[in-house]
Structure formats: C-alpha cells, structure tokens
Engineer: 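Structure in structure tokens, see below.
Note that the structure is a prediction, hence the values are computed from the model and not measured.
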Amino acid sequence: MGSYAIYVYGSYGLAALVTIGITVWTLADGRARQKELAALETAGLRRRSARPKDGA
C-alpha cells in the first residue's frame, strides 16, 4: 500500500470509531427513553395506541 497506508488505515479507524459511537449513543438514548416512558406510564399517562390492561 505504500505511502497511502496511514490515510487508509486512519480512515478505517475513524469510520469504526464513528460507527461505535453512534451505536453506543443510540443504545443509551433508547434506554433513557424506555425509563422516561415507564415513568410516564407509572404516573398514569398512557399512549393512545395502548390498550387498557383489562383487555377491553
């Protein structure tokens, strides 16, 4: 690969870091939204699409 190796491997490394960062960020945000949703449901607020617990 010669003199271009540092650029190629650097690009792969940067792409890997960005991909890992976005994945971690997405998972953390998903967990935060699940906790927020659970807190809202505990407070008595329900999603419009949710069915009542009695199945009616």
Side-chain angles (χ1 to χ4, degrees):
M1 202 174 282
S3 63
Y4 297 111
I6 193 164
Y7 299 109
V8 172
Y9 293 133
S11 296
Y12 282 142
L14 181 62
L17 286 175
V18 168
T19 302
I20 291 169
I22 290 173
T23 302
V24 169
W25 182 14
T26 301
L27 291 173
D29 189 54
R31 288 186 182 130
R33 296 297 76 80
Q34 289 293 332
K35 287 179 183 177
E36 186 179 342
L37 180 60
L40 289 171
E41 288 181 348
T42 301
L45 298 173
R46 302 267 180 230
R47 291 175 283 173
R48 287 179 281 178
S49 62
R51 295 190 178 185
K53 290 189 178 195
D54 62 2

Engineer: With sequence neighbours left out, write down each residue that passes side chain to side chain contact (heavy atoms under 4.5 Å, CB included) with Val24, or none if nothing qualifies.
Structural biologist: Ile20

Engineer: Looking at residues at least two apart in the chain, or sitting in another chain, which of them share a side chain to side chain contact (heavy atoms under 4.5 Å, CB included) with Leu17?
Structural biologist: none

Engineer: For Arg33, which residues count as a salt bridge (Lys or Arg N to Asp or Glu O under 4.0 Å) partner, sequence neighbours excluded?
Structural biologist: Asp29, Glu36

Engineer: Looking at Leu45, I want to see if its CG is surrounded by more than 12 non-hydrogen atoms of other residues, nucleotides or ligands under 6.0 Å.
Structural biologist: yes

Engineer: Please enumerate all residues that pass side chain to side chain contact (heavy atoms under 4.5 Å, CB included) together with Ser3, with sequence neighbours excluded.
Structural biologist: none

Engineer: Would you compute the distance between atom CG of Leu27 and atom CD1 of Ile22 and round it to the nearest 0.5 angstrom?
Structural biologist: 12.0 Å

Engineer: With sequence neighbours excluded, tell me which residues meet side chain to side chain contact (heavy atoms under 4.5 Å, CB included) with Ala28.
Structural biologist: none

Engineer: With salt bridge (Lys or Arg N to Asp or Glu O under 4.0 Å) as the rule and sequence neighbours excluded, what pairs involving residues 7-17 come up?
Structural biologist: none

